[in-house]
Amino acid sequence: MSLATRAVELLARIPPAQTRAVIVRRDVEVVMGDGVILLADLYQASGYHGQPVVVMRSPYGRTGVWALGARVFAERGYQVLLQSCRGTGGSGGDFNAYRHEVEDGLTTLAWMEGQSWFPGKVALFGPSYLGIVQWAIATNPPATVRAMAAPISSARVRAFTYPGGAFSLDSTLAWLALLAHQRRTGGPDLRGMIEARRRMRRGFAALPLSTADVTVTGEHVAFYQDWLARMDDDAFWAPVEFDRHLPSLTVPVTMVTGWYDMFLPAQLADYQSLVGAGRDVQLTIGPWKHTDPGAAGESLRDSLDWFGKHLHGRDSGAPRARVRLHVGGASRWIEVDAWPPPARTVRWRLQPRGRLHPGTPEASTPDRYRYDPSDPTPSVGGTLLARSGGPRDNRALERRSDVLVYTSAALVRDLGVIGPIQAELYVRSSLEHTDFFVRLCDVAPSGASRNICDGLLRLTPSAWRPGSDGVAMVEVQLWPAAHVFRRGHRMRVQVSSGAHPRFARNLGGGESLASATTMHPADQEVWHDPDHPSAIVLPIRDAW
């Protein structure tokens, strides 16, 4: 393992180990309030003397990258308790996503306080679900918790489950498949990997969606069924809406995320809640998607600095601003004092004949397309859990008849965009239940069209506010961005009505997400005239 941690040290550019001699106590039992026993591994440097404890609570087992991460911290002056969440990794009970993490996390911290090796100082660490369990603990953390590092995660569970009001199908099914794999013993063979991909493709196509869990994993997943059926059930979601407690959280928090991470908008909302409450919090946003090794390396570096400061009182070197951002297009990092930073708002309006520029559009007829859920507009790159996420060339997608494309002239100077982005679309549809998806792309001189950010809005009858002509203005919130469109490049806006399987396709009939099977094609209109000036709203920063 020391060779592996040496590799991490080199690749992640973290400080050198203080020791390579680490003792691991396996399968430490922690009894929960209802008698269920959770198992943990305790990492301690040989001859340790009261080092602070880093707690990692995971549903993904206690081997592989999680064991490697625990050892990295243990080699650098920490004890580490790596615990398997309820119903996973040998721990007792049944896994019910998010539902037991408050009680189990707080019970584990209380148990630690009675151990002879406990020094009275705790840090919480881990990405994704390991970050969500931190937000659960943060509902009422004991005073012993001195710091949190919660990369690529959010306290807003419902928000990232239903982005834009649609169901996050691809990432959810991919996650169910990962959890199912964790429960199996032995590594997958080639035949098993091929079959898993086939099952995933069948799961994406499954109707009704209530059958997709069995298609992908071979078993019924109760919490998946709840997510399909109870999107609007506030009482169901209230116990896991951990963001309600953010204003009262006093634990210093560091956040790392990526421009293509599925949690990004929810995580930025968490950040702004903490800043608004005057809390000690910092933020780093890099050019990463959820599973990017670069995000993992940055998370380790960032956490070690943060824990050194708040648990050891160490100065990490040159001070940094509260917010550190990677700027796409320019391929450089900047530091700013706030998110979002100051910017001026400019509307680039959709124009007839597929043009895009800031001027008022001329009188014109709307552009039209048909969205057919039996041949749904596919997702290309973007905020996927899979490796296929991130920026991708969109030219093949843009040739589809159900995708409208609006492109600027070649820019005569660099144009910098930084902050939240939204689209204002004037639309009319043959259906009251429909979606609109908007994507912003950077078109290189070669013609390659790469996605910068995007977003989807699911419309229901109550969301429409049409005028006398039946045209309604809708606002689609895109993922935020920090990007420079270089001179000679062009901006491009796509408008469509889906990105499947990233978002569950809208079948158009308003039936239950869980049980709907009947498909209704939607005839869509996007208007762009002086009375209906559809636009993408960009935060422009003139000085970088």
Side-chain angles (χ1 to χ4, degrees), residues 97-99 101-102 127-139 148 150-176 223-224 226-247 249 253 255-277 281 283 285 289-290 339-340 379 382-385 389 419-423 435-438 453-460 463 474-481 499 502-504 506 513:
Y98 319 127
R99 294 285 156 177
E101 307 307 349
V102 174
S128 197
Y129 197 94
L130 285 77
I132 296 169
V133 301
Q134 295 181 57
W135 297 117
I137 291 173
T139 57
M148 290 174 53
I152 54 173
S153 69
S154 174
R156 299 167 196 268
V157 172
R158 182 156 49 166
F160 62 72
T161 305
Y162 308 101
F167 184 61
S168 183
L169 180 65
D170 187 306
S171 294
T172 299
L173 292 185
W175 188 57
L176 295 187
F223 63 80
Y224 169 78
D226 283 336
W227 295 354
L228 290 178
R230 306 179 73 173
M231 180 178 78
D232 297 318
D233 186 345
D234 293 341
F236 172 76
W237 287 102
V240 296
E241 290 290 74
F242 306 127
D243 57 291
R244 294 176 300 151
H245 304 276
L246 292 180
L249 177 65
V253 181
M255 297 181 175
V256 173
T257 186
W259 295 118
Y260 297 94
D261 184 57
M262 61 186 184
F263 290 110
L264 177 63
Q267 188 164 6
L268 291 179
D270 295 341
Y271 172 81
Q272 290 178 299
S273 291
L274 291 169
V275 169
V281 57
L283 171 68
I285 311 178
K289 55 184 180 288
H290 191 73
W339 176 265
S379 51
T383 59
L384 298 173
L385 188 60
I421 296 173
Q422 71 174 22
D435 294 348
F436 285 95
F437 177 78
V438 180
C453 61
D454 51 46
L456 181 140
L457 175 65
R458 177 147 295 187
L459 291 168
T460 60
V474 298
E475 295 181 350
V476 182
Q477 303 299 322
L478 281 66
W479 257 236
R502 177 176 156 197
F503 303 100
N506 195 328
L513 182 66

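Here the CG-CE distance, from Leu274 to Met148, works out to 8.0 Å after rounding to the nearest 0.5 Å. Going from atom CG of Leu228 over to atom OG1 of Thr161 covers 11.0 Å, rounded to the nearest 0.5 Å. In this structure, CD on Glu241 lies 10.5 Å from CZ on Phe236, to the nearest 0.5 angstrom. Taking OG from Ser128 and CG from Leu385, the interatomic distance works out to 7.0 Å, rounded to the nearest 0.5 Å. With values rounded to the nearest 0.5 angstrom, Leu478 atom CG is found 8.0 Å from Phe437 atom CZ.
With respect to Phe242, the side chain to side chain contact (heavy atoms under 4.5 Å, CB included) criterion is satisfied by exactly one of Val133, Thr139, Ile137: Thr139.
By the 30° and 60° cut-offs, the orientation of the rings of Tyr129 relative to Trp175 is parallel.
Listed here is the closest heavy atom pair of Cys453 and Ile421: SG-CD1, 3.7 Å. Taking all atoms of both residues into account, the shortest heavy-atom contact from Thr257 to Ile152 is CA-CG2, 3.9 Å. Counting all heavy atoms, side chain and backbone alike, Ala138 lies closest to His245 at O-CB, 4.4 Å. Here the shortest heavy-atom pairing between Met262 and Ser171 reads SD-OG, 3.5 Å. Nearest heavy atoms, Leu173 versus Tyr224: CD2-CE1, 4.0 Å. Counting all heavy atoms, side chain and backbone alike, Ser168 lies closest to Pro163 at CB-CD, 3.9 Å.
Ion pair Arg502/Asp454 flagged as a salt bridge, since at least one NZ, NE, NH1 or NH2 atom sits closer than 4.0 Å to an Asp/Glu carboxylate oxygen. Between Asp234 and Arg158, at least one side-chain N (NZ, or NE/NH1/NH2) sits under 4.0 Å from a carboxylate O, which counts as a salt bridge.
Side-chain atoms of Tyr162 come within 3.5 Å of backbone atoms of Trp227 as a donor-acceptor pair (strictly under, hydrogens ignored). In this structure a side-chain-to-backbone donor-acceptor pair under 3.5 Å is present from Trp237 to Arg230.
Taking the side chain as every heavy atom from C-beta outward, Leu459 and Asn506 never approach each other to under 4.5 Å. Contact check for Pro480 versus Leu268: side-chain heavy atoms found under the 4.5 Å cut-off. Side-chain contact between Gln272 and Pro340 is present, with heavy atoms from C-beta onward closer than 4.5 Å. Between Leu264 and Thr383, every side-chain heavy-atom pair lies at or beyond the 4.5 Å cut-off. In this structure the side chain of Asp435 never reaches within 4.5 angstrom of the side chain of Phe503, judged on heavy atoms. Looking only at side-chain heavy atoms (C-beta outward), Val240 and Arg99 come within less than 4.5 Å of each other.
Listed by chain and number, the residues in a side-chain hydrogen bond (donor to acceptor under 3.5 Å, both in side chains) with Ser153 are Trp135 (sequence neighbours excluded). For Phe263, the ring-ring contact (aromatic ring centres under 6.0 Å, His included) criterion is met by Phe160, His290, not counting sequence neighbours.
Counting only residues at least two apart or in different chains, salt bridge (charged side-chain N to carboxylate O under 4.0 Å, His left out) contacts with residues 255-271 comprise Arg156-Asp270.
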